[in-house]
Amino acid sequence: MAQHPIRARMCGFGEKDRRPLDPPPVVRLRVRDDNGEFIQSEDVDIWKFVVSATLWAPQSENDRSIVINPNTLPGPVPMYQSSSSVMSLSEPVKVRNLVGTTVSNAYLLKDENDELNIFFIFHDLSVRTEGQFRLKFQFTVIPSEEAPHAFVESVAWSNVFEVYSAKTFPGMTDSTELSRAFAAQGIKITIRKNSRGRSYPVRMTGHPDDDAYPEDDDLDNDMDMDYSAAGGAHGIR
C-alpha cells in the first residue's frame, strides 16, 4: 500500500457524524506484462479498474464490516400511561460498520516524489465502533462484452489501526506528503497544517504488541497484477 491508516475517532451510529481514517488509505497498483516486467502507468488503460474496501479483525480472521446497532437491541419499552413495561420484539438492526465510500476508481496521479502511478484513494472512510481493525482491499476489473465476468484479481491489506472513543482519541495527525501531493492535483482530501489534540506516539500498526500480527514485510502491500495486451488482467501476485 502507498499509505496506511493509523487511527480514527469512532463515528458512532448517527447518520451525519463522520470521522475519517487518518491518514486516508491509499492503494497503489502496479501492472506487469507477460514477461513480468512493470508497465509504465501512463500506458495502462485504467478506466475499468476498481478497488473495494472491507473492515476486518486485526489478524484478518473475521469480517467486521457489519455491526448491530445497539440502539435497536431488545429492551423494556414503557407502556402509555402505565408504570408497567413490555419487551420490544423488534429485530436488532444490522448496519455497516465501515461507513463512507468503500469503492474507489483508479486515478493516474503523481506521488510525493513526482512519479506517476495508479492509485485508489479512500478519503472518507469512517468506523462506527472503537477497537483495532485492518482493511482488506480487493481489485477487480469492471465486466465488459469481451470479459463479461468479474473476478478478484488481487488483494492487499492495511496495517492494523486503532479506532478510539471520543474521550480517548489523541487527535488527528499531520497531513502526509502523499496526501498533499494528491490535493495539489485536485483530489478531495482534507489537508491539515498541524495535528490537533493530545500528541503521544501511536505505532504504525496501531497495536502495542507488534509480534501479535504480521509485519509489513510479510504482506503483499502493493497490488501487483499480471497484465497482457491480448488477454487483459488475470491472476494474483
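Heavy atoms only: backbone and side chains are in, while hydrogens, waters and symmetry mates are out.
Linking ILVMFWY side-chain heavy atoms closer than 4.5 Å, directly or via other members, places V93 and I66 in two distinct hydrophobic clusters. Note on F137: it clusters hydrophobically with V141, by side-chain heavy-atom contacts below 4.5 Å among ILVMFWY residues. A single hydrophobic cluster is seen to contain both V152 and W157, as judged by linkage of ILVMFWY side chains at heavy-atom distances under 4.5 Å, directly or through other members. A single hydrophobic cluster is seen to contain both I191 and L178, as judged by linkage of ILVMFWY side chains at heavy-atom distances under 4.5 Å, directly or through other members. Under the 4.5 Å side-chain contact rule for hydrophobic residues, L116 and I121 do not share a cluster.
Residues V51 and F122 form a side-chain contact, since some pair of their non-hydrogen atoms from C-beta on lies under 4.5 Å apart. For the pair Y164 and R7, the minimum side-chain heavy-atom distance is below 4.5 Å. Put simply, the side chain of R128 reaches to within 4.5 Å of the side chain of V95, judged on heavy atoms. Between I6 and D22, the closest side-chain pair of non-hydrogen atoms is not below 4.5 Å. With contacts defined as side-chain heavy-atom distances shorter than 4.5 Å, the pair L135/L55 qualifies. Side-chain contact between P58 and R134 is absent, with no heavy atoms from C-beta onward closer than 4.5 Å. Contact annotation: the side chain of F182 never approaches that of Y107 to less than 4.5 Å [non-hydrogen atoms, C-beta and beyond]. Two residues are said to be in side-chain contact when any heavy atoms from C-beta on lie closer than 4.5 Å; V163 and F169 fail this criterion.
Taking the side chain to side chain contact (heavy atoms under 4.5 Å, CB included) definition, one finds that S165 meets it with M10, E130, K167, T168, sequence neighbours left out. For the side chain to side chain contact (heavy atoms under 4.5 Å, CB included) test, residues two or more places apart in sequence or in another chain that qualify with T102 are R96, L98, L125. Shown here are the side chain to side chain contact (heavy atoms under 4.5 Å, CB included) partners of D114, two or more places apart in sequence or in another chain: K110.
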(message) I'd like to know whether F38 forms a side chain to side chain contact (heavy atoms under 4.5 Å, CB included) with R32, so could you lay out the CA-CA distance, the side-chain angles of the two residues, the decisive distance to 0.1 Å, and finally the verdict.
(response) CA-CA 4 Å; F38 287 118; R32 301 175 187 266; 3.4 Å; yes

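Under the side-chain contact (heavy atoms from CB on, under 4.5 Å) rule, F119 has a single partner from V27, I46, D111, which is D111.
Not one N or O on the side chain of N113 forms a donor-acceptor pair closer than 3.5 Å with the backbone of E115.
With values rounded to the nearest 0.5 angstrom, E153 atom CD is found 8.0 Å from T140 atom OG1. To the nearest 0.5 Å, atoms CG (D34) and CD1 (I39) are separated by 8.0 Å.
The aromatic rings of F120 and F139 lie perpendicular to each other, with more than 60° between the two planes, well past the 30° mark.
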